[in-house]
Every structure is written in structure tokens, then in C-alpha cells.
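This report refers to the structure that appears directly beneath it.
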Amino acid sequence: MELYEAGKIDGAGRWKQTLYITLPGIVSTIMIMLIMRMGQLMTVNYQKIILLYSPAVYSTGDVISTFVYRKGLLENNYSYAAAVDLFNSVINMLILICANTLSRKYAETSLF
């Protein structure tokens with residue numbers, strides 16, 4: 001509250017207070033939340049897709065999760081489906097590590 005009062009005394013309006021007091025105060029929280037969401041970048045809520053899934057829409061409605069479902073459970077090709085899902089997890093982990101490294105470098109906030 002003292003920073004906001006000092007900003008008012010210095011002539012800062014609501015926008016300037018938000019820009020120079022509020023945002024720097026919550027930038028670490030914003031960066032942590034961004035890093036956590038970057039780890040799920042390639043993940044899709046595939047339950048809605050599965051409900052409307054049929055061979056007629058495989059070419060247009062296929063995402064990685066539904067592809068793994070089709071190959072693993074419908075075609076009984078478990079090893080291939082596991083490899084595809086592992087590749088998806090590795091890509092998500094690389095994106096997470098890159099986001100964490102960039103956050104540590106520019107915002108001086110990181111998860112690990």
C-alpha cells in the first residue's frame with residue numbers, strides 16, 4: 001500500500017501504478033504459471049474428440065492423443081503407441097526446460 005501511496009503522490013494514475021508497481025510485484029508468479037503451462041503445451045483434452053471419433057474423421061480430427069488411442073487400444077499396437085506417447089512427453093519436457101531456462105535468464109525466476 002505504501003508503494004501505491006507513493007505513486008499517487010508522484011502523480012501516477014491507475015495505469016502507471018499497474019505498470020510500475022503491480023506487474024513487477026507479480027512477475028515471478030506469472031513466470032512460474034507460464035512455465036507450468038508450457039509443460040502441457042502439446043497436451044489436448046481429447047475426450048471430446050473421442051466422442052465424435054470415427055474412421056471418416058481420422059484424417060482431419062486426429063491429434064496425438066487420439067492417434068495413440070487408436071494405435072494402442074483399437075489396433076493393439078501397444079509398443080508403437082507407447083513410443084509415440086513417450087516422444088510427446090519428451091517434447092513437452094524439452095519445452096518445459098527451455099521455458100525454465102529463459103525465465104531464469106530474463107526474469108530471474110525458475111522452477112528448478
Please report, to 0.1 Å, the donor-acceptor pairs under 3.5 Å made by any side chain of residues 26-49, with sequence neighbours excluded.
residue: Arg37; atom: NH1; partner: Gln40; partner atom: OE1; Å: 2.9

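- The other members of the hydrophobic cluster of Leu102, by chain and number, are Tyr106 (side-chain heavy atoms under 4.5 Å, ILVMFWY only).
- Connectivity analysis of hydrophobic side chains (ILVMFWY, heavy atoms under 4.5 Å, direct or indirect) links Tyr4 to Leu3, Ile21.
- Annotation: the span from Asp10 atom CG to Tyr20 atom OH amounts to 13.0 Å, rounded to 0.5 Å.
- Residues Leu73 and Phe67 fall into different hydrophobic clusters, defined by Ile, Leu, Val, Met, Phe, Trp and Tyr side chains chained together at heavy-atom separations under 4.5 Å.
- Arg104 and Ser110 get closest at one heavy-atom pair: NE-OG, 3.5 Å.
- To the nearest 0.5 Å, atoms CG (Leu23) and CD (Gln17) are separated by 12.0 Å.
- Contact check for Tyr80 versus Val68: no side-chain heavy atoms found under the 4.5 Å cut-off.
- Both Leu74 and Val63 are assigned to one and the same hydrophobic cluster, defined by single-linkage of ILVMFWY side chains at heavy-atom distances under 4.5 Å.
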Pair Ile64-Phe87, side chain to side chain contact (heavy atoms under 4.5 Å, CB included): steps then yes or no: CA-CA 10 Å; Ile64 293 175; Phe87 179 74; over 6 Å; no
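- For the atom pair CG (Leu94) and OG (Ser89), the distance works out to 11.0 Å, reported to the nearest 0.5 Å.
- Residues satisfying the side chain to side chain donor-acceptor pair (under 3.5 Å) test with Ser65, not counting sequence neighbours, are none.
- Tyr78 is linked by a side chain to side chain donor-acceptor pair (under 3.5 Å) to Asn76, counting only residues two or more places apart in sequence or in another chain.
- Cluster annotation: Leu111 is connected to Ile97 through the hydrophobic network of ILVMFWY side chains, with a link wherever side-chain heavy atoms come within less than 4.5 Å.
- Atom CG of Asn92 and atom CG of Leu96 lie 8.5 Å apart (nearest 0.5 Å).
- Here the straight-line distance linking atom CZ of Phe112 with atom CG of Asn100 works out to 4.0 Å at 0.5 Å rounding.
- Shown here are the side chain to side chain donor-acceptor pair (under 3.5 Å) partners of Asp62, two or more places apart in sequence or in another chain: Tyr53, Thr66, Arg70.
- Going from atom SG of Cys98 over to atom CE of Met93 covers 10.5 Å, rounded to the nearest 0.5 Å.
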